[in-house]
Each structure stands twice: as C-alpha cells, then as structure tokens.
Amino acid sequence: VQLQASGGGFVQAGRSLRLSCAALGNIISINDMGWYRQAPGKQRELVASITRGGSTKYVDSVKGRFTISRDNAKNTVYLQMSSLKPEDTAVYYCNGQGITGQSMGLITSRWGQGTLVTVSS
C-alpha cells in the first residue's frame with residue numbers, strides 16, 4: 001500500500017490550493033485519513049482529519065479556511081486550502097490509519113510522501 005500525495009506548489013497569500021492523496025493497492029477500506037504539515041524548524045502537526053464516515057477535525061489555525069474531504073470509492077483524501085497565509089508554508093503529509101486490504105493484514109498507519117506548499121506574502 002502506498003499513499004501518493006500531489007497538489008503542492010507556490011502561491012501568493014490569499015490564494016487557494018487543493019491537495020490530493022490517493023492510497024494505492026488492493027485496499028478494502030481505510031478508517032481515518034488526515035493531513036499533517038511540518039514547517040522548517042517545527043514539529044509535524046495535524047492539520048485536519050476525517051473518519052470513514054465523514055466526521056472532520058481541524059487545527060484551530062486553519063478552521064474556516066481549509067476543508068478536508070474524502071472519496072472512499074477512490075481511497076483518496078483531499079485538502080482544499082483557501083485564504084492561504086505565509087504561515088501555512090510547510091511540507092504537507094497525508095496519513096491513512098486502519099488500512100485493510102486484500103491478502104494483507106491490517107496496516108495501522110501509513111504515510112505518504114510530502115508535498116511542499118509555499119505561500120508568499
């Protein structure tokens with residue numbers, strides 16, 4: 001199972017970006033999916049998470065600006081980021097928890113590769 005993230009880039013403050021993360025492999029289901037970020041010199045933090053049923057959580061700093069969603073049929077999670085600020089600059093990582101697949105045991109947690117988001121002032 002691999003998680004493949006895409007959609008990062010360089011944008012000006014106030015603009016929008018949409019990140020995508022597809023889980024690839026013979027997957028039956030994924031429980032929670034989420035986006036984390038790590039800015040230079042800082043610890044990785046949870047930005048947003050979403051359960052299989054669609055319940056969401058956000059870190060306070062992105063509430064009202066970011067929206068997490070998922071397509072269970074495609075095993076894909078999205079992060080729509082609007083009104084971006086320079087402090088949103090970071091490498092963004094997707095994560096899947098409780099991954100069940102065909103011919104494999106339960107995968108507790110799997111990370112995707114990071115995608116860089118740079119917001120200029």
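Because the structure is a prediction, the values reported are computed rather than measured.
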task = Taking the six-membered ring of Tyr93 (Phe, Tyr or Trp), confirm whether the NZ or CZ of Arg44 is under 6.0 Å from its centre and within 45° of its axis.
result = yes
task = Return each pair, listed once, that meets salt bridge (Lys or Arg N to Asp or Glu O under 4.0 Å) where at least one residue sits in residues 23-41; pairs must be two or more places apart or across chains.
result = Arg37-Glu45, Arg37-Asp88
Ring center gap for Phe66 and Trp35 short of 6.0 angstrom = no
message = Suppose we screen for side chain to side chain contact (heavy atoms under 4.5 Å, CB included). Which residues come up paired with Gln113, at least two apart in sequence or across chains?
response = Ala5
Out of curiosity, [X] [atom1] to [Y] [atom2], how far, rounded to the nearest 0.5 Å?
X	Y	atom1	atom2	value
Arg15	Leu84	CZ	CG	10.0 Å
Ile30	Arg110	CD1	CZ	10.5 Å
Ser121	Lys85	OG	NZ	13.5 Å

query = Would you say the side-chain atoms of Thr115 pair up with the backbone N or O of Gly8, donor to acceptor, closer than 3.5 Å?
reply = yes
What disulfide (SG to SG under 2.5 Å) pairs are there with at least one residue in [range], not counting sequence neighbours?
range	answer
residues 87-121	Cys21-Cys94
residues 38-79	none
residues 22-82	none

ask   = What pairs with Thr108 under side-chain hydrogen bond (donor to acceptor under 3.5 Å, both in side chains), at least two apart in sequence or on another chain?
value = none
message = Same cluster or not: Val119 versus Met81, using hydrophobic residues (I, L, V, M, F, W, Y) connected whenever any side-chain heavy atoms lie under 4.5 Å apart?
response = yes
inquiry  = Would you say Tyr36 ends up clustered with Ile99 if hydrophobic residues are merged whenever their side chains have heavy atoms under 4.5 Å apart, either directly or through other cluster members?
reply    = no
ask   = Does one side chain, of Ser109 or Asn95, offer a donor that lies under 3.5 Å from an acceptor on the other?
value = yes
inquiry  = Tell me the closest heavy-atom pair linking Ala90 and Leu116, and the distance in Å.
reply    = O-CD1, 3.6 Å
